[in-house]
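Right, one structure below, let's go through it.
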Amino acid sequence: MTTTQPAAPGPEVTGRPATEPAAEPFLSVRDLRVRFGTEDGVVKAVDGLSFDVARGRTLGIVGESGSGKSVANQAILGLHNPKATDITGQILLEGEDLVTARERRMEQLRGNKIAIIFQDPLTSLSPYHTVGQQIAEPFRKHRGAGRREARERAVEMLAKVGIPHPARRVDDYPHQFSGGMRQRVMIAMALVCDPDLLIADEPTTALDVTVQAQILDLLLELQQEFGSAIIMITHDLGVVSRVSDDILVMYAGRAVERGTVHDVLSRPQHPYTWGLLGSMPRLGGDVGKELVSIPGAPPSLLDPPSGCPFAPRCTFRDEVPDNLSCADDRPALPDGRGAACHLTGERRTVLFTERIRPRLL
Amino acid sequence: MLRFLLRRSLGALAILLLISAVTFFLFYAIPRNPALLACGKGVCTQEQLAVVEHNLGIDKPIPQQYWEYMVGIFAGREFPAGSCPAPCLGFSFRDNRPVLDTILDRLPTTLSLAAGGVVVFLVLGLGFGMVAAWRRGTLTDRTVSSTSLVLSSAQIYFLGPLALALLVYNNQILSQPGYFPITEGPGAWFAGLLLPWLVLSTIFTAQYTRLSRAALIEQLQEDHVRTARAKGMGRRTVFFRYAWRGSLIPIVTVLGIDMGSLIGGAMITEQTFALPGLGRLAVDSVTQSNLPMLMGVMLFAALMIVVFNIIVDACYALIDPRVRLA
């Protein structure tokens with residue numbers, strides 16, 4: 001996804017200023033499959049996912065609930081119960097495969113080299129420990145710091161994420177903080193060991209809009225300071241356009257489109273991405289204009305369609321060439337910029353410019 | 001904290017008052033005359049009976065008796081048979097001494113039994129629960145879980161005589177149960193109460209094993225436990241520092257509810273092992289229609305439950321900081 005040159009700015013993309021594409025991927029996920037055994041059968045939560053993230057870059061992973069974005073990222077951290085989960089493929093962190101890594105090794109990496117920010121800071125922080133203890137804990141474990149040194153670090157981190165009176169608040173419990181402040185605590189905890197990779201799993205979903213913006217700005221600032229790679233998981237295209245360099249669109253456990261923020265948002269190629277864009281209101285748009293939702297619901301992951309998972313909901317499935325069947329043949333996602341769709345590239349360009357784009361403006 | 005204790009103490013007082021009134025009036029609902037019992041049926045004449053009734057103080061209207069009883073608690077009373085200094089819980093005509101003296105004689109037995117039982121079943125129950133949750137799904141877990149399921153229906157009056165026969169009379173593994181004051185030697189006190197403790201706590205141990213296992217397994221699914229793992233904490237740290245702490249909250253809740261059954265269980269245990277505690281005293285008082293003694297025992301049992309409950313509630317604040325500030 002780093003191969004495509006940024007094109008001329010489109011009308012609705014705000015985005016970040018285009019950064020230089022980085023050289024080699026820091027994290028490389030190859031054909032990742034995550035399956036859970038349940039009473040009803042095997043859930044194929046992630047089904048052949050591949051992507052790369054480079055240092056200092058932000059990858060936005062977009063998709064609706066159940067598309068496998070959180071599951072894939074918890075697999076990177078090795079948080080799934082190994083007894084109930086079957087993980088295949090490769091997750092290469094600087095060449096080291098995390099899928100086959102031992103639990104001991106994963107413990108050394110978690111919170112140290114890879115950190116995660118969860119969606120709901122209230123339930124994700126321990127109610128029984130002060131925020132200082134919770135921030136200091138990974139620092140003590142991974143850096144071997146003493147009690148006092150770790151506490152000073154916790155105060156420093158609280159100050160860095162913009163919590164007023166950090167020296168006093170360090171001894172408070174999470175329930176004594178507001179929602180936005182709690183998420184700042186969560187970020188401080190994730191960044192305490194200067195991780196090289198930060199996974200932000202819908203970090204702003206539980207927060208109100210003004211606080212959302214503050215938290216996103218904070219993440220960007222901290223990324224500049226620490227140079228971490230960020231994976232931003234969200235279902236909110238607004239969030240993605242604000243913070244990401246690249247976008248990966250996921251549907252039913254698979255990646256259906258990828259590209260730079262600019263490419264995906266200004267010239268989307270996959271009908272699912274069109275649907276996502278069409279269902280999103282935009283500032284400056286016509287207030288009276290109807291938002292178009294995607295008809296139908298995502299497929300059951302117990303028994304996903306063998307062909308294109310989006311085909312049952314796709315308005316354009318009759319326009320694919322006759323030699324291809326959306327129901328039987330699985331469309332492949334090309335490396336770099338592209339979409340997993342049987343429609344020809346020309347047809348997609350025509351459909352987008354003539355039928356989709358006028359509706360978006 | 002001070003306000004909490006004050007509020008709870010006032011509540012406790014109201015509960016005790018209610019219990020005393022119910023016990024008192026309930027007793028007179030039973031068609032039985034203590035005076036008749038005291039001098040033997042068909043032996044006393046009506047005149048003699050009236051004298052006995054007067055001596056027992058049961059010739060007055062019931063509300064007046066209750067009032068005098070309550071006054072006695074704060075001011076003490078004089079009875080024809082002897083004086084009863086405050087706090088006077090009545091005068092027992094059976095053994096011719098104030099009720100309180102007899103109760104205080106018996107209280108250490110029941111307290112030792114109940115307190116020791118709590119310690120035994122908390123240590124064993126939480127311990128087994130932790131082992132089962134830690135090794136969830138393994139043979140160990142299944143053994144612990146199924147054993148606790150069976151034992152949670154092992155009643156004291158069944159288990160007691162069985163254990164006595166097997167462990168004391170036939171095999172001499174444990175010493176003969178009995179109560180020896182701790183002041184006269186902790187060793188004898190411990191040896192004498194060991195079997196009663198084990199028998200009393202068996203059902204509770206089984207129930208707390210299952211409770212603790214379930215609570216731990218639930219806690220291990222919590223978001224904040226996942227966060228702890230995501231920080232790189234080892235399995236042991238995650239289990240003990242995060243999951244175990246939260247699992248204590250439902251346990252403390254049930255512990256508060258179980259205090260009544262514990263006192264009840266202690267009384268049955270006393271009866272089973274012939275220990276001179278409040279339980280036997282209560283049973284004897286009922287069969288002898290000894291109202292003052294029964295009242296005293298009831299009030300003391302209620303007092304113990306209320307005090308235990310206040311302690312249990314204070315434990316919430318220790319475990320969960322959210323309760324501390326609310």
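Quick note on labels: first sequence line is chain A, next is B, and so on, each numbered from 1. Computed from a predicted structure; not experimentally measured.
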Take a 6.0 Å sphere around [atom1] of [X] and say whether it holds more than 12 heavy atoms from other residues, nucleotides or ligands.
X	atom1	answer
Met298(B)	CE	no
Trp189(B)	CH2	yes
Arg143(A)	CZ	yes

Using non-hydrogen atoms only, which part of [X] is less than 4.5 Å away from chain B: side chain, backbone, both, or neither?
X	answer
Gln119(A)	neither
Ile116(A)	side chain
Met186(A)	side chain
Phe118(A)	side chain
Gln108(A)	neither

Among [options], who wins on heavy-atom pairs under 4.5 Å with chain B?
options	answer
Arg104(A), Glu107(A), His142(A)	Glu107(A)
Leu79(A), Val192(A), Leu77(A)	Leu79(A)
Gly78(A), Cys193(A), Pro127(A)	Pro127(A)

* To do: Determine, stepwise, if the pair His129(A) / Tyr242(B) fulfils side-chain contact (heavy atoms from CB on, under 4.5 Å).
  => CA-CA 9 Å; His129(A) 303 90; Tyr242(B) 289 89; 3.7 Å; yes
* To do: Check side-chain hydrogen bond (donor to acceptor under 3.5 Å, both in side chains) between Glu218(B) and all other residues, then give those that pass, not counting sequence neighbours.
  =>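 Not a single residue meets the side-chain hydrogen bond (donor to acceptor under 3.5 Å, both in side chains) criterion with Glu218(B).
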Which atom pairs, one a donor and one an acceptor, fall under 3.5 Å between side chains of residues 196-206 of chain B and the rest of the protein, sequence neighbours left out?
residue, atom, partner, partner atom, Å
Trp197(B), NE1, Ser112(B), O, 3.0
Trp197(B), NE1, Leu113(B), O, 3.4
Ser201(B), OG, Trp197(B), O, 2.7
Ser201(B), OG, Leu198(B), O, 3.3
Thr202(B), OG1, Leu198(B), O, 2.6
Thr205(B), OG1, Ser201(B), O, 2.7

* Asked: Which distance, rounded to the nearest 0.5 Å, do you find between the OG of Ser126(A) and the CZ of Arg241(B)?
  -> 10.5 Å
* Asked: What residues of residues 246-255 of chain B sit under 4.5 Å from chain A when only non-hydrogen atoms are counted?
  -> Gly246(B), Ile249(B)
* Using a heavy-atom cutoff of under 4.5 Å, enumerate the residues of residues 223-240 of chain B that contact chain A, numbered in order, or state 'none'. => Asp223(B), His224(B), Arg226(B), Thr227(B), Arg229(B), Ala230(B), Lys231(B), Gly232(B), Met233(B), Gly234(B), Arg235(B), Thr237(B)
